[in-house]
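What follows is one structure encoded as structure tokens, with my remarks underneath.
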2 protein chains.
Amino acid sequence: MTRKPQRATLADVAREAGVSMMTVSRVIHGTGRISDETRQHVREIIEKLEYRPNRAARTLVTKRTYMIGFVAPDITNPYFTEILQGVEEFFWREGYNVMLANSNENPEREKAILDQLESTMVDGIIVCSSRLSDDELIPLIEKHSAIVVVNRNLPHHLGSVVTTLHPRGYRAVLAAKYLYETGRRRIGYVNLVRSISSVNLDMFMQELQALHIPVNPSWYATCKPTWQAGYETGKVLLAEHPELDAVIAGNDLVALGVMRAAVEQGLRIPQDLALIGGDDILMASQVTPPLTTFRSDKYHIGTMAAELLLRRVEGDLTYYEHHYDDVLIIREST
Amino acid sequence: MTRKPQRATLADVAREAGVSMMTVSRVIHGTGRISDETRQHVREIIEKLEYRPNRAARTLVTKRTYMIGFVAPDITNPYFTEILQGVEEFFWREGYNVMLANSNENPEREKAILDQLESTMVDGIIVCSSRLSDDELIPLIEKHSAIVVVNRNLPHHLGSVVTTLHPRGYRAVLAAKYLYETGRRRIGYVNLVRSISSVNLDMFMQELQALHIPVNPSWYATCKPTWQAGYETGKVLLAEHPELDAVIAGNDLVALGVMRAAVEQGLRIPQDLALIGGDDILMASQVTPPLTTFRSDKYHIGTMAAELLLRRVEGDLTYYEHHYDDVLIIREST
DNA sequence: TTTACTAGAGTTAGCGCTAACTCGACCCCA
DNA sequence: TGGGGTCGAGTTAGCGCTAACTCTAGTAAA
């Protein structure tokens with residue numbers, strides 16, 4: 001066991017100041033009626049003894065931990081990192097701390113996290129881009145009172161929601177439409193693994209057909225949302241389908257992986273292959289050629305999610321939804 | 001206040017199972033002597049009531065939170081993100097959670113974090129690349145029993161340490177030497193803000209002089225370790241000193257910012273300007289031209305720091321230090 | 001038969017804090 | 001002169017858990 005420095009307790013402060021514990025507690029919280037004189041005196045003793053409240057004791061009686069859980073599939077992905085930054089910043093100002101749980105793109109791990117994150121550990125949870133199906137996710141979050149999910153819809157009584165302005169999956173259709181308009185005819189699509197739900201792909205294909213854009217199921221692949229996975233999927237897809245003249249990717253990291261694969265196969269971008277990504281991370285604008293992608297203000301997504309969560313934590317269980325705009329930013333990869 | 005789902009307590013389980021609370025506690029911890037029959041029965045009741053231990057109550061008596069604090073200057077910087085990933089992964093396996101504190105490159109904020117991070121909140125702390133001076137940092141961490149710092153040295157009794165193999169600041173000298181050998185003669189240096197300590201820069205200049213590499217104080221600038229700051233510092237530095245034929249940056253993000261500034265000023269890399277970064281983030285290898293930089297296995301730094309911290313948390317207060325190798329990876333920016 | 005141990009529990013006493021109630025002194029107004 | 005309000009505290013009773021000690025019946029050794 002660790003040697004813990006012997007900290008002063010409320011009782012120590014009370015004794016030293018010659019008042020009751022409640023008086024000290026009231027001074028700390030600024031509640032109740034305390035004379036200026038007493039308040040001043042207690043403050044001096046607190047200072048002198050370097051008293052700090054014991055979080056666990058406080059939590060035990062108030063049932064509040066002032067800790068927020070942030071669950072994301074990959075904290076190495078700049079997209080989530082910037083959201084996290086927004087969340088952390090917001091909650092820091094509000095006196096909450098953020099506990100991080102990284103599922104590492106592993107659905108089982110995500111389940112374990114959600115299962116173990118007890119109400120005695122956190123006051124609320126933000127779940128980003130869950131890789132679980134609704135059937136898996138919903139039972140796991142039902143027991144939590146304060147939940148906000150990002151990039152996912154939820155039955156309204158379970159928690160608030162932050163999503164894109166465009167209905168899910170529709171972004172890829174927009175991208176395809178733009179590519180078609182700029183003359184591309186054989187458009188590949190590397191989808192992120194969770195969206196493998198055929199519903200999504202079916203929708204995508206139907207929409208394309210409605211727009212008279214050529215459709216071919218073998219042009220569509222799925223992969224994990226990492227650069228490495230994008231690179232490997234890109235290599236295979238481009239080798240097997242040299243006819244492709246454009247690829248849409250589920251996010252920037254994957255798009256950039258595909259870009260690397262394309263370059264290695266001697267393809268010129270955008271002449272031979274156009275590329276569209278998904279969330280406008282810094283790297284997207286700095287590669288050559290810069291990547292066309294959908295803008296998303298990730299920091300703002302984070303602060304919005306945090307704000308909606310705070311409302312729930314503070315007892316306002318109204319359902320709120322916030323939609324962030326994601327316009328297509330056209331750069332030189334298309 | 002939030003509606004918290006009414007959770008079963010130890011007492012509920014004990015009553016329902018017809019045993020004492022201690023028996024239930026023993027079953028949970030696998031300690032003490034319990035008959036197989038009782039154990040089985042208690043487990044069933046736990047399952048049935050969906051009992052989960054109350055963390056705060058446990059912490060209050062054991063003084064252990066099973067929470068680790070991770071303090072970094074910028075969680076948006078992939079360098080720290082990957083370290084964090086290593087830390088989180090390691091501690092997750094060990095049954096600890098990680099609390100995140102982002103100082104946002106703001107020394108005052110870092111101080112506030114370290115001051116508020118009480119032993120009643122975390123069992124130990126990892127401090128990455130602190131932007132504080134030793135004089136500021138040391139008093140703040142003295143009160144914590146379990147500390148590991150990354151990229152900083154520490155009096156041995158205060159905590160363990162993970163640093164580069166090369167003495168601090170020496171990396172820039174290595175980079176300069178390499179640049180000189182490849183024919184560069186007017187070498188700029190964009191240092192990170194904390195290292196502004198003139199000691200560091202003096203050392204750098206002395207070493208260069210010893211190697212007969214031209215030295216000029218006005219070629220050296222400092223900036224915050226972000227892409228944006230690197231970009232802006234680069235713009236100014238390159239405009240004022242068109243004679244520069246190489247720039248060394250404190251980290252990759254800054255180097256890439258300088259690269260962008262150089263490209264905008266019409267400089268060709270590496271023909272007109274050679275560039276060296278600092279920590280080999282993914283983006284460094286994906287820009288054109290790929291950036292020469294120092295390799296660092298960030299995930300491994302994270303797991304090593306976590307391992308050293310766990311030892312301290314578990315009561316082994318021996319001083320350990322781990323040095324990670326950082327070799328120069330030569331790419332096309334030089 | 002007594003002693004002595006062991007397996008398998010139970011009992012007691014807090015950890016440090018706060019919610020909710022209580023209490024005395026003082027003042028104001030009818 | 002007594003009823004009621006306010007100020008500035010204090011008292012009581014836990015929150016849910018675990019460390020450390022106690023207790024009892026059964027068994028083995030002397």
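Nothing here was measured: the structure is a model prediction, and the numbers come from that model.
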With respect to the phosphate group of C/dT18, does any side-chain polar atom (N or O) of A/K63 fall under 4.0 Å of OP1 or OP2? no
With under 30° as parallel and over 60° as perpendicular, where do the rings of B/H300 and B/H322 fit, or are they tilted in between?
perpendicular
Atom CZ of A/R55 and atom C1' of C/dT18 are separated, to the nearest Å, by 16 Å
Given protein heavy atoms under 4.0 Å, the one-letter contact record of nucleotides 6-12 of chain C, with B base, S sugar-phosphate only and - none, is simply -BBBBB-
* **Between B/R64 and B/Y96, a side-chain donor and acceptor under 3.5 Å** => yes
Closest of D/dT18, D/dG16, C/dG16 to the B/T62 side chain is D/dT18
In whole angstroms, the gap separating P of C/dC17 from CZ of A/R52 amounts to 13 Å
Quiz item: With distance as the sole criterion, is a donor-acceptor pair present between the side chains of B/E82 and A/T76 under 3.5 Å?
Solution: no
note: B/N54, atom CG; D/dT18, atom C1'; distance rounded to Å ~ 13 Å
Rounded to whole Å, CZ of A/R7 lies from P of C/dG16 at a distance of 12 Å
Please determine if A/K143 and A/D115 form a salt bridge, counting it only when a charged side-chain N lies under 4.0 Å from a carboxylate O. yes
Next on the checklist: Please determine whether a side-chain nitrogen of the Lys or Arg among B/D12 and B/R7 lies less than 4.0 Å from a carboxylate oxygen of the Asp or Glu.
Outcome noted: no
In whole angstroms, the gap separating P of C/dC15 from CG of A/L10 amounts to 13 Å
Taken to the nearest whole Å, NE2/B/H29 to P/D/dC17 is 9 Å
Rounded to whole Å, CG of B/D12 lies from C1' of D/dG16 at a distance of 10 Å
Atom CG of A/L60 and atom P of D/dT18 are separated, to the nearest Å, by 12 Å
Extract all donor-acceptor atom pairs below 3.5 Å that involve side chains of residues 21-30 of chain B and protein atoms in other chains or at least two apart in sequence.
unit_1	atom_1	unit_2	atom_2	d
B/T23	OG1	B/S20	OG	3.1

